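Computed from a predicted model, the values in this text were never measured in an experiment.
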Amino acid sequence: MIEDKKMNAHVTKSGYKYYTPQKNVSEAAQAPKESKWKKGFKRVKQALLVGLKNLPGLIMRAAILMVTTPLMILLFIFNLLKMLLVTAIGWVFFKFLVVMAYAAFWTFYAWVTNTPSSELSFVDKQMDWLSVNFFFPQGVPIHYWWETTIIVVLAVITALSLTLNPNEA
């Protein structure tokens, strides 16, 4: 085989022979000087080429976001209205159960202890107070600000979880 003057021959300990190109000292020392404008233009060109390669994926991602964002907002609003209604009904049902549990407790107490109803007249007054001031204050079942706050917070949490993770519901 003819020896190539531009290649350096190397032999490993195991006897494998390989070649590497020779470095010319004069060429390495005199790198061609490019102007700053040419370097900048080359970098801008490379960035544009990379941008063009990624453009179809970027357009698809933007289209998906443009379509799904309004749908997600509408879905959240729908879930929020639904959860406000369900939570309000649940809250009224809970209040009704509290009043009925209170009445059942005193009825069971009177039955177990064989107490005459004349001795438990305070229970009638308390039941009247509960139904007027707790269950239907001012003639509506949800009147106090803290009840409204509880209902809204629970509805927002539930609507967010339904909107973001619909498979878990």
Side-chain angles (χ1 to χ4, degrees), residues 12-14 16 18 34 36-169:
T12 62
K13 290 181 181 179
S14 63
Y16 180 74
Y18 66 96
E34 291 186 68
K36 291 181 181 179
W37 288 101
K38 280 188 178 179
K39 284 183 182 178
F41 180 70
K42 189 182 271 188
R43 287 182 183 163
V44 168
K45 183 177 145 186
Q46 287 174 345
L48 287 175
L49 286 175
V50 169
L52 284 175
K53 283 182 184 176
N54 295 331
L55 189 62
L58 187 64
I59 289 173
M60 285 304 295
R61 246 185 270 141
I64 289 170
L65 281 175
M66 285 188 286
V67 170
T68 58
T69 300
L71 290 176
M72 293 298 277
I73 291 170
L74 288 174
L75 182 63
F76 173 73
I77 291 170
F78 173 72
N79 284 335
L80 181 63
L81 293 175
K82 184 173 63 170
M83 286 301 110
L84 280 171
L85 180 67
V86 169
T87 310
I89 290 170
W91 183 257
V92 171
F93 184 70
F94 170 74
K95 286 173 65 171
F96 177 74
L97 284 179
V98 168
V99 172
M100 290 298 110
Y102 187 78
F105 170 77
W106 284 110
T107 304
F108 185 72
Y109 175 79
W111 178 68
V112 168
T113 59
N114 290 330
T115 307
S117 61
S118 60
E119 290 183 22
L120 296 175
S121 61
F122 69 92
V123 175
D124 291 336
K125 291 177 188 173
Q126 288 177 349
M127 287 300 295
D128 288 341
W129 184 88
L130 275 175
S131 62
V132 170
N133 293 324
F134 177 69
F135 189 60
F136 272 105
Q138 306 292 324
V140 291
I142 301 171
H143 174 69
Y144 300 111
W145 64 269
W146 56 270
E147 290 178 316
T148 307
T149 304
I150 289 172
I151 290 169
V152 168
V153 167
L154 289 175
V156 166
I157 290 170
T158 310
L160 275 173
S161 67
L162 282 175
T163 303
L164 298 177
N165 302 319
N167 296 334
E168 293 178 8

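- Distance check, rounded to the nearest 0.5 Å: NZ of K42 to NZ of K45 gives 8.0 Å.
- Separating the CE atom in M83 from the CZ atom in F78 is a distance of 8.5 Å, to the nearest 0.5 Å.
- Atom OG1 of T69 sits about 11.0 Å away from atom CG of L74, to the nearest 0.5 Å.
- Within the model, atoms NZ of K82 and CG of L80 stand 11.0 Å from one another, a figure rounded to the nearest 0.5 Å.
- In this structure, T87 contributes its side chain and L84 its backbone to no donor-acceptor pair below 3.5 Å.
- Separation of atoms CZ (F134) and CD (E147) is listed at 7.0 Å; rounding is to 0.5 Å.
- Using cut-offs of 30° and 60° on the angle between ring planes, the pair F94 and W91 is tilted.
- No option in V156, I157, T158 other than V156 meets the side chain to side chain contact (heavy atoms under 4.5 Å, CB included) test with L160.
- Of all non-hydrogen atoms in I142 and A88, the two that sit nearest each other are CD1-CB, 3.8 Å.
- The side-chain heavy atoms of L162 and F76, taken from C-beta on, include no pair separated by under 4.5 Å.
- From N133, atom CG reaches atom NE2 of H143 across 10.0 Å, with rounding to the nearest 0.5 Å.
- Here the closest heavy-atom approach between residue P141 and residue K95 is recorded as O-NZ, 2.5 Å.
- The environment of F93 atom CZ is sparse: at most 12 non-hydrogen atoms of other residues, nucleotides or ligands sit within 6.0 angstrom.
- You'll find the side chain of V123 stays beyond 4.5 Å of the side chain of Y109, heavy atoms only.
- Ring geometry, F108 versus W111: the interplanar angle falls from 30° to 60°, so the pair is classed tilted.
- Listed here is the closest heavy atom pair of M72 and T163: CE-O, 3.6 Å.
- Across V92 and F135, no two heavy atoms sit closer than the pair O-CE1, 3.6 Å.
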